[in-house]
Asker: 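One structure coming up, written as structure tokens, with questions to follow.
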2 protein chains.
Amino acid sequence: MVSADVTPPVALTIAGSDSGAGAGIQADLKTMSALGVFATTVVTAVTAQNTAAVLSVYQLPANVVEDQIAAVLADLPVASVKTGMLGTREVVEVVARRAAAGDLPDLVVDPVMVASTGHLLLSRGAIEAYRGRLLPHALLTTPNLWEAALLAGVEPSTIDDVDTMADAARRIHRLGPTWVLVKGGHLPGVGPAGHVDAPQRVPDVLFDGEHLTVLEGPHVATPNTHGTGCSLSAAIAALLAAGAEVPEAVSVAKEFVHRALENGKEWRLGRGHGPIDHFGWSARPRAGTPPSSAVGT
Amino acid sequence: MVSADVTPPVALTIAGSDSGAGAGIQADLKTMSALGVFATTVVTAVTAQNTAAVLSVYQLPANVVEDQIAAVLADLPVASVKTGMLGTREVVEVVARRAAAGDLPDLVVDPVMVASTGHLLLSRGAIEAYRGRLLPHALLTTPNLWEAALLAGVEPSTIDDVDTMADAARRIHRLGPTWVLVKGGHLPGVGPAGHVDAPQRVPDVLFDGEHLTVLEGPHVATPNTHGTGCSLSAAIAALLAAGAEVPEAVSVAKEFVHRALENGKEWRLGRGHGPIDHFGWSARPRAGTPPSSAVGT
């Protein structure tokens, strides 16, 4: 007997693979799973990376991305979609065509464009495809400051406080997404360099074309931040799949990522920026060896 | 302050990507996560598939697989490894070289060779590379009956009971793995076709060159079996990473997969063979919408 209420909501992530499994489809799969949502996964690129460095990036042909999207949509009841690293103009256009056809419900576009070193990951043509082809079909886009500058067409250095973040959000909103969330994590003075005794507040700006909300969250002092952005957009998509509206999804997703940062702040996985703790392992007593008590019920 | 006891064990899966996320690295990541082990992931091939069909398979070049393995091993304390779909002789050889160099501890080789349709997924050259190059370095290999026949060099139809499974295990053991687990799930009479009122017992044969053990588990009557084999070998690797010895790891992993089959037997994800329920979602009360109570602690 098939019982509808035991079937979880389904979300789709279209993103790169991270061999270190801290970011990309791996972070998305963990985030969505931790939130009780069944994640399907379309791989756009295969990166050889760990917590310290990206060794290589292998971009998949656009038709391979197209095939995977077709396989998922033909069979599973996808209720929301997030995009992460798309990598090339051709892949952005494959996704945009599906979005334009109405096949990608509750589409969250995390416009992965700039590495944490500030290095541009995409061609100018791909950025234009985001602006002109993909964002018009997004329910929400979640740029960080650098990505917001590229999408808004302004110099990154000009976005340096909540007012200029709001300006960027307004410019990006004109490209067509229903909602824009500009994330303030890279504001001057935020993060380890500006860390003082009292926890800092990090502002994000959420805009729907009418109402502008500033969402403040505490800064978590930790080296383990790899995959934070991926996990935020994945959590938003998961919560949308579960039926939340955008403001609530953003707020609960921020709380989820905050807890994952807090939970993982003392573990040590890799020599660089370690992953966050999606499942709250660090907060739980660890079973003995072997962890037979960890076997799911 | 870095605290060692909050850091989970790390395992590595080297396998294909399943867009429907029921099998492959996705099943491995979910399995290892559900068992409290941090999974790293090397992608060998990108499949466009769902619960009903495989639309396409895109094999990655061997050097891309090599790069990913290098990225993970250079940074993260991998305590066990499992291999799933490797796909080509070149990729089998890349993995075998690392194994021969002693870089892949507690190596579990799930010799993915035959699709559930009975269709051969690998070239003869790749099968010979498994036999001659990779298996000598495996701690354990976990063939199903068809794969056991290919590795043992006998006709599949000749393996039809526990005695012939034991013969195949002895032949495979001579290739070099420390342990062999021949899985009986495809024995004649097991499964839906032979399902009768009383639950059937499915025998697996475990052999270490000296002791032969028959492990019996109940058959679960469910259409949702996609990823069962992947999840079993992933669970074994996770339990080895957590410190278990092979017999205990195999036994607890079988219990884990059994529960995941039981938990997922009534959900409906896709039109074909749906995934198993790695996280025990179906057994838990579902939160309202949105599932803010599902946010990890």
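So you know, we letter chains A, B, ... as the sequences are listed, proteins then strands, and number each from 1. Values below: all heavy atoms of this structure, side chains included; hydrogens, waters and symmetry mates excluded.
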Asker: Flag the pair B/Leu181 / B/Leu215 as yes when at least one side-chain heavy-atom distance between them is below 4.5 Å, and no otherwise.
Answerer: yes
Asker: Considering only heavy atoms, which portion of A/Gln49 lies under 4.5 Å from any heavy atom of chain B: side chain, backbone, both, or neither?
Answerer: backbone
Asker: Quick one, B/Trp281 with A/Val6, criterion side chain to side chain contact (heavy atoms under 4.5 Å, CB included). Give me CA distance, side-chain angles, the key distance, then yes/no.
Answerer: CA-CA 7 Å; B/Trp281 287 336; A/Val6 298; over 6 Å; no
Asker: If you compare all heavy atoms of B/Cys230 against all heavy atoms of B/Ala23, which two are closest, and at what distance to 0.1 Å?
Answerer: SG-CB, 3.9 Å
Asker: With a 4.5 angstrom heavy-atom cut-off, which part of B/Leu269 approaches chain A: side chain, backbone, both or neither?
Answerer: both
Asker: What are the residues of residues 40-47 of chain A, in order of number, with any heavy atom under 4.5 angstrom from a heavy atom of chain B?
Answerer: A/Thr40, A/Thr41, A/Val43, A/Val46, A/Thr47
Asker: Find the one option among A/Ala71, A/Ala235, A/Ala260 whose heavy-atom pairs under 4.5 Å with chain B are most numerous.
Answerer: A/Ala71
Asker: Hey, does A/Arg268 have a side-chain heavy atom less than 4.5 Å from the side chain of A/Asn224?
Answerer: yes
Asker: Specify the closest pair of heavy atoms between B/Ile276 and B/Trp267, including all atoms of both residues, with the distance to one decimal.
Answerer: O-CZ2, 3.3 Å
Asker: With rounding to the nearest 0.5 angstrom, report the OG1 to CG distance, B/Thr222 to B/Leu261.
Answerer: 6.5 Å
Asker: May I ask you to name which of A/Leu29, A/Leu55, A/Thr13 has the most heavy-atom pairs under 4.5 Å with chain B?
Answerer: A/Leu29
Asker: What distance do B/Thr228 atom OG1 and B/His258 atom NE2 have between them, rounded to the nearest 0.5 Å?
Answerer: 12.0 Å
Asker: When heavy-atom pairs shorter than 4.5 Å are enumerated against chain B, which of A/Ser33, A/Gly20, A/Ala70, A/Ser17 gives the highest number?
Answerer: A/Ser33
Asker: Under 4.5 Å heavy-atom distance to chain B, tell me which part of A/Pro275 shows up: side chain, backbone, both or neither.
Answerer: side chain
Asker: Please name the residue in the list A/Ile14, A/Asp103, A/Val81 that meets the side-chain contact (heavy atoms from CB on, under 4.5 Å) test with A/Val95.
Answerer: A/Ile14
Asker: For the residue pair A/His278 and A/Asn263, establish whether any side-chain heavy-atom pair is separated by less than 4.5 Å.
Answerer: no
Asker: If you check every heavy atom in residues 59-67 of chain A against those of chain B, which residues fall under 4.5 Å?
Answerer: A/Leu60, A/Pro61, A/Val64, A/Asp67
Asker: Examine whether an atom of A/Ile25 lies under 4.5 Å from a heavy atom of chain B, and if so say whether it belongs to the side chain, the backbone or both; otherwise answer neither.
Answerer: side chain
Asker: Would you indicate whether the side-chain heavy atoms of A/Val250 and A/Leu140 approach each other to under 4.5 Å?
Answerer: yes
Asker: Side chains of B/Leu73 and B/Leu104: does their closest heavy-atom pair fall under 4.5 Å?
Answerer: yes
Asker: Of all heavy-atom pairs between B/Ala21 and A/Phe38, which one has the smallest distance, and what is that distance?
Answerer: O-CZ, 4.1 Å
Asker: Out of curiosity, A/Lys82 NZ to A/Ile236 CD1, how far, rounded to the nearest 0.5 Å?
Answerer: 9.5 Å
